[in-house]
Amino acid sequence: MGWVADTLHSFNSIQLREVFSQIITLGLVVSSALVTWKGLSCVTGSESPVVVVISGSMEPGFQRGDILFLHMSKDPIRAGDIVVYSLDGKDIPIVHRVIEVHDRKNTEETYILTKGDNNDEDDRVMYNTGQKWLQKHHIIGRAVGFLPYLGWGTIIMSDIPVLKYILIGTLGVIVLTMKD
């Protein structure tokens with residue numbers, strides 16, 4: 001209980017100028033993170049340059065919790081590529097391997113079929129009703145690198161959303177009560 005009382009006393013003793021300074025600092029940190037994310041998006045050509053593997057469908061190649069780095073180049077997508085795609089109306093991107101590609105020469109459309117390495121069936125069962133193939137606009141990027149297991153924090157915070165708010169609240173209190 002002493003820590004809480006000390007924190008409240010510290011918070012009450014902060015002068016208004018210090019509070020504004022801490023809020024501006026916090027805003028600059030958040031802005032820097034957003035600018036970095038947008039910069040990575042521009043450089044990689046992917047709307048989401050970093051994703052976390054949230055299922056075991058790509059084991060043994062990628063484990064749950066691995067962080068993938070994506071790049072979306074102009075090179076054609078080929079069988080064997082590991083891609084991250086998003087389906088219309090669904091928020092969570094999926095990491096799977098391309099198993100078939102069909103190019104229509106007269107329309108320049110590309111039809112793509114994917115499958116998780118650890119799955120028995122292709123992904124048609126996961127696609128939207130009536131959808132048999134992915135098209136290029138569904139592809140977010142190709143996996144070009146990964147960091148094993150570093151995405152577990154994201155998975156835990158998604159599974160237990162209250163932890164997100166506790167973490168943000170704690171960090172906010174720490175930032176506002178810190179003295180230079």
Side-chain angles (χ1 to χ4, degrees), residues 25-101 110 112-128 131 133-175 178:
T25 301
L26 182 61
L28 287 172
V29 168
V30 170
S31 298
S32 297
L34 291 174
V35 167
T36 301
W37 183 263
K38 279 301 186 186
L40 281 172
S41 294
C42 290
V43 169
T44 63
S46 175
E47 65 188 62
S48 182
V50 178
V51 295
V52 176
V53 178
I54 61 169
S55 78
S57 66
M58 285 301 291
E59 291 178 357
F62 297 121
Q63 307 290 320
R64 191 167 190 243
D66 289 353
I67 294 177
L68 298 182
F69 299 100
L70 307 181
H71 187 267
M72 192 62 187
S73 66
K74 302 284 185 204
D75 296 336
I77 295 170
R78 295 290 167 229
D81 288 350
I82 296 172
V83 297
V84 176
Y85 66 90
S86 181
L87 297 171
D88 299 331
K90 297 184 181 174
D91 294 333
I92 298 174
I94 300 165
V95 180
H96 281 174
R97 188 178 305 277
V98 174
I99 58 171
E100 278 185 56
V101 177
T110 302
I112 303 159
L113 181 62
T114 57
K115 177 184 174 294
D117 290 353
N118 200 25
N119 293 349
D120 294 329
E121 298 179 21
D122 63 39
D123 288 351
R124 287 184 175 147
V125 296
M126 294 174 28
Y127 297 164
N128 291 325
Q131 183 178 0
W133 302 90
L134 296 175
Q135 294 178 311
K136 282 187 180 180
H137 71 272
H138 293 111
I139 306 297
I140 296 171
R142 286 187 186 95
V144 294
F146 77 103
L147 290 173
Y149 305 113
L150 292 181
W152 268 102
T154 300
I155 291 174
I156 291 168
M157 285 190 274
S158 293
D159 289 349
I160 309 168
V162 73
L163 288 179
K164 236 186 301 197
Y165 303 114
I166 291 171
L167 179 64
I168 290 170
T170 303
L171 291 174
V173 167
I174 289 171
V175 166
M178 279 180 49

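What you see below is based on every heavy atom in this structure, not just the backbone, and it leaves out hydrogens, waters and symmetry mates.
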> How long is the gap from CD1 on Ile54 to CD1 on Ile155, to the nearest 0.5 Å?
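Answer rounded to 0.5 Å: 7.0 Å.
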> With a 3.5 Å distance limit and no angle check, can you tell me whether Asn118 reaches the backbone of Gly56 through a side-chain donor-acceptor pair?
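It does hold such a pair.
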> Can any side-chain N or O of Asp122 pair as donor or acceptor with the backbone N or O of Arg124 at less than 3.5 Å?
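Between the backbone of Arg124 and the side chain of Asp122 there is a qualifying donor-acceptor contact (under 3.5 Å).
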> Which pair of heavy atoms, one from Leu68 and one from Ala143, lies closest together, and at what distance?
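Taking every non-hydrogen atom into account, CD1-CB, 4.4 Å.
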> Considering all heavy atoms of both residues, which atom of Pro49 and which atom of Thr44 are nearest to each other, and what is their separation?
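Heavy atoms of Pro49 and Thr44 come nearest at CB-OG1, 3.5 Å.
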> Would you check, one step at a time, whether the test side-chain contact (heavy atoms from CB on, under 4.5 Å) holds for Gln63 with Val53?
CA-CA 7 Å; Gln63 307 290 320; Val53 178; over 6 Å; no
> Considering non-hydrogen atoms only, spot the tightest contact between Val52 and Gly151 and give its length.
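Heavy atoms of Val52 and Gly151 come nearest at CG1-O, 3.6 Å.
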> For the residue pair Ile140 and Pro93, what are the closest heavy atoms and their distance?
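Smallest interatomic distance, heavy atoms only, reads CD1-CB, 3.8 Å.
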> What distance separates Ile94 CD1 from Leu134 CG, expressed to the nearest 0.5 Å?
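Between atom CD1 of Ile94 and atom CG of Leu134 there are 8.5 Å.
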> I need the Ile82 CD1 to Thr114 OG1 distance, nearest 0.5 Å.
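Ile82 CD1 to Thr114 OG1: 12.0 Å, rounded to 0.5 Å.
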> Please determine whether side-chain contact (heavy atoms from CB on, under 4.5 Å) holds for the pair Val98 and Arg78, giving the CA-CA distance in whole Å, both sets of side-chain angles, and the decisive distance to 0.1 Å.
CA-CA 7 Å; Val98 174; Arg78 295 290 167 229; over 6 Å; no
> Of the non-hydrogen atoms in Met58 and Val95, which two are nearest, and what is the gap between them?
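What the structure gives for the nearest pair is CG-O, 3.2 Å.
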> Rounded to the nearest 0.5 Å, how far apart are CG of Leu171 and CD1 of Ile168?
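Answer rounded to 0.5 Å: 8.0 Å.
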> Would you indicate whether the side-chain heavy atoms of Leu163 and Ile156 approach each other to under 4.5 Å?
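Side-chain contact under 4.5 Å: yes.
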> Just by distance, do the side chain of Ser46 and the backbone of His71 share a donor-acceptor pair under 3.5 Å?
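Looks like no, no N/O pair under 3.5 Å.
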> Run the side-chain contact (heavy atoms from CB on, under 4.5 Å) check on Ile77 and Thr110 step by step: do they pass?
CA-CA 9 Å; Ile77 295 170; Thr110 302; 5.5 Å; no
> What distance separates Tyr85 OH from Ile112 CD1, expressed to the nearest 0.5 Å?
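So the OH of Tyr85 and the CD1 of Ile112 are separated by 11.0 Å.
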> Pair Phe62, Ser57 - check side-chain contact (heavy atoms from CB on, under 4.5 Å), show working.
CA-CA 8 Å; Phe62 297 121; Ser57 66; over 6 Å; no
> Under 3.5 Å, is there a donor-acceptor pair between the side chain of Lys115 and the main chain of Asn119?
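Side chain of Lys115 to backbone of Asn119, a donor-acceptor pair under 3.5 Å: yes, one is there.
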> Determine whether a donor-acceptor pair (N or O, by modelled atom type, separation under 3.5 Å) exists between the side chain of Asp88 and the backbone of Asn128.
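Looks like no, no N/O pair under 3.5 Å.
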> Would you mind reporting whether Lys90 and Met126 have side-chain heavy atoms less than 4.5 Å apart?
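Not in contact.
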> What heavy-atom pair brings Met72 and Gly45 nearest, and what distance separates the two atoms?
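Taking every non-hydrogen atom into account, CB-O, 3.2 Å.
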> Tell me whether Arg97 contacts the main-chain N or O of Gly80 through its side chain, where contact means a donor paired with an acceptor under 3.5 Å.
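Confirmed, Arg97 side chain pairs with Gly80 backbone.
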> Any pair with a residue in residues 60-69 that passes salt bridge (Lys or Arg N to Asp or Glu O under 4.0 Å), sequence neighbours left out, goes on the list, sorted by first then second residue, please.
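Only Arg64-Asp159 qualify under salt bridge (Lys or Arg N to Asp or Glu O under 4.0 Å).
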> If I take atom CG from residue Leu113 and atom CH2 from residue Trp133, how far apart are they, to the nearest 0.5 angstrom?
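Going from CG on Leu113 over to CH2 on Trp133, the span is 5.0 Å.
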